[in-house]
Amino acid sequence: MLAEGALEPGTPAAPAAPSPARVRAPASGNLFRPISAEDEEQQPTEIESLCMNCYRNGVTRLLLTKIPFFREIIVSSFSCEHCGWNNTEIQSAGRIQDQGVRYTLTVRAQEDMNREVVKTESATTRIPELDFEIPAFSQKGALTTVEGLINRAISGLEQDQPMRRASEETIAERIDEFIVKLKELKQVASPFTLIIDDPSGNSFVENPFAPQKDEALVITHYNRTSKQEEMLGLQAEASEEKPEEDDLRNEVLQFNTNCPECNAPAQTNMKLVQIPHFKEVIIMATNCENCGDRTNEVKSGGAVEPLGTRITLHITDPSDMTRDLLKVTKNPFTLGDSSSPGQAEKLQEFSQKLDQIIEGSMKAHFIMDDPAGNSYLQNVYAPEDDPEMKVECYTRTFDQNEELGLNDMKTEGYETGLAPQR
C-alpha cells in the first residue's frame, strides 16, 4: 500500500526568497557543529521570508549541523505568525554519494523507535510486514526518529480522510483500518522491518552502539541503476551511443519457418526480454495460417552457466503459486493407459495433495534443479533475499555434462586437431 496523501499539508507553501529586512547570523566557530542539546552557542540563522500560504512575512530558521558517524546536514524550518503555517525539512550539505544506500532495521524494542533517522526526499521507505511504502519524492526530507516516520505517515493518511468519507466511504474505511495497524506498530508488540532505500546515499539510521556493529541494522551500499541516475538528475543527456542494440530489444523479429504440424510455410515471431534480477530470455511464437496451430517457447538468451542451479521454495501461502517461473529443462511426467489400478490410485492421491498445496491448506517444498543454470523462480522480495527461497549453485557431474553435450565440446586448441586433415 502506498502512502497516499503522505505529503505534509501545504507543501506548496515553501518560503520564498529571503528578505534582507531581518537576518540573525549564527554563533562564530565551526560552520557545521555536532548536534547537541548542551551546545548553547549552536543557534539557528533566522531569515525573514515570504509565506506562500498567506503572502505575508514569516521566519525561516536554518541550522547547519553534523550528525555523529554520518555527515553534515542543513535543517530548515519556516513558520508564519500570521496564518500559523509551518514547514520543516532537511537537506544534505554535501554532494550525492558515489553509491546508493539501503538501511534495513529490525525493530524489536521500544528503544528502537527512538533511533535518529535522516530521510532525504529521494529515499523510499518500506515496511514489508504491512506491504507499506512511501515512494521517493513524495515527502520532503526530515530529521526525525523511527516513531516520527510512522507518525508522519499516519498524519499524511489522515489528512484527506474527511473528504474520502464523504465521497469514497469504502476506501476511507480501508485506510482507517490501515492507520490502526500503523499505530499498533508503535507499541512494538511484535518485531517488524523498516527499510530506507536512498539512491543518493544521503539518508541515515542511527546505530546506538557505534562504532561497534549493530546486529539489528544492516547497511547495504549498491551501484545505482540508470533509472535511479536519471531520477537524481545525474543523466540529463540520454545516451545515443547504442541505438542499434536498443532497437533489437524493443523490436519483434520475424523469420520464415515450417509449421511443426502440417509442414506448411509459417512465420515465427521472436522477442528478446530482460527478466528483472535474472537475465535475458528469448520468447518465440509460431502461428500457422494453414492449419491454425499455435506454439510458443521460451529459451535462455545466454550460454550454459558454469554451475548448475538448484532452487528450493517453501510454499506457505496461496500467493506463492503466482510466482513467475522459467523452466528451461524438460522433465515430462506421464502415466500410460496400460498402468495398473494401484498406480492410478496413487496418482489420484498425488493429484489431491497438489490441489491442497494450490489451495494453501498444505505446506510443501518446491525444488527446481537445472544443471544448465538457466531456470528462474521469481523472488518477490527482490533485490532483498527471499526468506522462503534458497538458491544453490553446484558443480555438474560427468553425466549431467554429457546430457548437455559439454563433454565433447572443445573450445580451446581445436586448431591443432584440424591441422593434419588440411
I'd like to know if the side chain of [X] and the backbone of [Y] have a donor-acceptor N/O pair within less than 3.5 Å.
| X | Y | value |
| --- | --- | --- |
| Gln254 | Gln267 | no |
| Asn379 | Glu384 | yes |
| Asp198 | Ser203 | yes |
| Arg323 | Gln378 | yes |
| Asn290 | Pro265 | no |
| Arg396 | Pro371 | yes |
| Asp131 | Pro128 | no |
| Gln161 | Ala172 | yes |
| Glu121 | Lys140 | no |
| Asp112 | Ala109 | yes |

**Asked** Are Arg310 and Tyr394 in a cation-pi setup, meaning NZ or CZ lies under 6.0 angstrom from the ring centre and within 45 degrees of the ring axis?
**Response**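 Yes, Arg310 lies over the aromatic ring of Tyr394.
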**Item:** Residues which pass ring-ring contact (aromatic ring centres under 6.0 Å, His included) with Tyr376, listed by chain and number, not counting sequence neighbours
**Value:** Phe278
Distance-minimising heavy-atom pair for [X] and [Y]:
| X | Y | result |
| --- | --- | --- |
| Cys393 | Leu307 | CB-CD1, 3.9 Å |
| Pro260 | Asp293 | CG-OD2, 4.0 Å |
| Val252 | Asn269 | CG1-CB, 3.9 Å |
| Cys259 | Cys262 | SG-N, 3.6 Å |
| Gly373 | Thr309 | CA-OG1, 3.4 Å |

Can I get a per-line list of side-chain donor-acceptor pairs under 3.5 Å for residues 178-192, giving both atom names and the distance, sequence neighbours left out?
{"from": "Lys186", "atom 1": "NZ", "to": "Asn151", "atom 2": "OD1", "distance (Å)": "2.8"}

Any non-hydrogen side-chain atom of [X] less than 4.5 Å from a side-chain atom of [Y]?
| X | Y | answer |
| --- | --- | --- |
| Thr124 | Ile134 | no |
| Leu217 | Tyr103 | yes |
| Phe366 | Leu377 | yes |
| His314 | Asp320 | no |
| Gln228 | Tyr222 | yes |
| Cys291 | Glu261 | yes |
| Ile219 | Arg102 | no |
| Met231 | Arg224 | no |

Straight-line distance of [X] [atom1] to [Y] [atom2], nearest 0.5 Å:
| X | Y | atom1 | atom2 | answer |
| --- | --- | --- | --- | --- |
| Arg56 | Cys83 | CZ | SG | 9.0 Å |
| Asp197 | Glu133 | CG | CD | 9.5 Å |
| Lys353 | Glu349 | NZ | CD | 5.0 Å |
| Ser49 | Phe78 | OG | CZ | 4.5 Å |
| Glu116 | Glu206 | CD | CD | 5.5 Å |
| Ser319 | Met321 | OG | CE | 10.0 Å |

**Asked** If you measure from the Lys or Arg side-chain nitrogens to the Asp or Glu carboxylate oxygens, is any gap between Arg165 and Asp176 under 4.0 Å?
**Response** yes
**Request:** State whether Asp214 and Arg115 are salt-bridged, where the test is any N-O pair (Lys NZ or Arg NE/NH1/NH2 against Asp/Glu carboxylate O) under 4.0 Å.
**Result:**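 Result for this pair is yes, salt bridge flagged.
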Side-chain donor-acceptor pair present, [X], [Y], cut-off under 3.5 Å:
| X | Y | answer |
| --- | --- | --- |
| Thr268 | Thr257 | no |
| Ser375 | Asp370 | yes |
| Thr316 | Glu388 | no |

**Request:** With side chain to side chain contact (heavy atoms under 4.5 Å, CB included) as the test, would you mind laying out the steps for Arg61 and Thr45 before giving the verdict?
**Result:** CA-CA 5 Å; Arg61 294 175 176 84; Thr45 301; over 6 Å; no
**Prompt:** Going through the checks in order, is the side chain to side chain contact (heavy atoms under 4.5 Å, CB included) test met by Asn114 and Val146?
**Reply:** CA-CA 6 Å; Asn114 298 325; Val146 174; over 6 Å; no
For atom [atom1] of [X], is the number of surrounding heavy atoms from other residues, nucleotides or ligands below 6.0 Å larger than 12?
| X | atom1 | answer |
| --- | --- | --- |
| Met163 | CE | no |
| Glu289 | CD | no |
| Asn258 | CG | yes |

Taking only distance into account, with no hydrogens and no angle test, what donor-acceptor pairs under 3.5 Å do side-chain atoms of residues 356-365 form with protein atoms, sequence neighbours excluded?
{"from": "Ser361", "atom 1": "OG", "to": "Gln356", "atom 2": "O", "distance (Å)": "3.2"}

**Message:** Pair Leu194, Leu149 - check side chain to side chain contact (heavy atoms under 4.5 Å, CB included), show working.
**Reply:** CA-CA 10 Å; Leu194 174 70; Leu149 278 179; 4.2 Å; yes
**Request:** Check the pair Thr397, Asp399 against side-chain hydrogen bond (donor to acceptor under 3.5 Å, both in side chains), reporting the backbone distance first and the verdict last.
**Result:** CA-CA 5 Å; Thr397 64; Asp399 292 338; 5.3 Å; no
**Message:** What verdict does the salt bridge (charged side-chain N to carboxylate O under 4.0 Å, His left out) test give for Glu229 and Lys227, after you've listed the backbone C-alpha separation in whole Å, the side-chain angles of each residue and the deciding distance to 0.1 Å?
**Reply:** CA-CA 5 Å; Glu229 296 266 352; Lys227 186 176 181 179; over 6 Å; no
**Message:** With side chain to side chain contact (heavy atoms under 4.5 Å, CB included) as the criterion, how do Leu105 and Thr193 come out once you've worked through the C-alpha distance, each side chain's angles and the decisive distance to 0.1 Å?
**Reply:** CA-CA 6 Å; Leu105 173 66; Thr193 307; over 6 Å; no
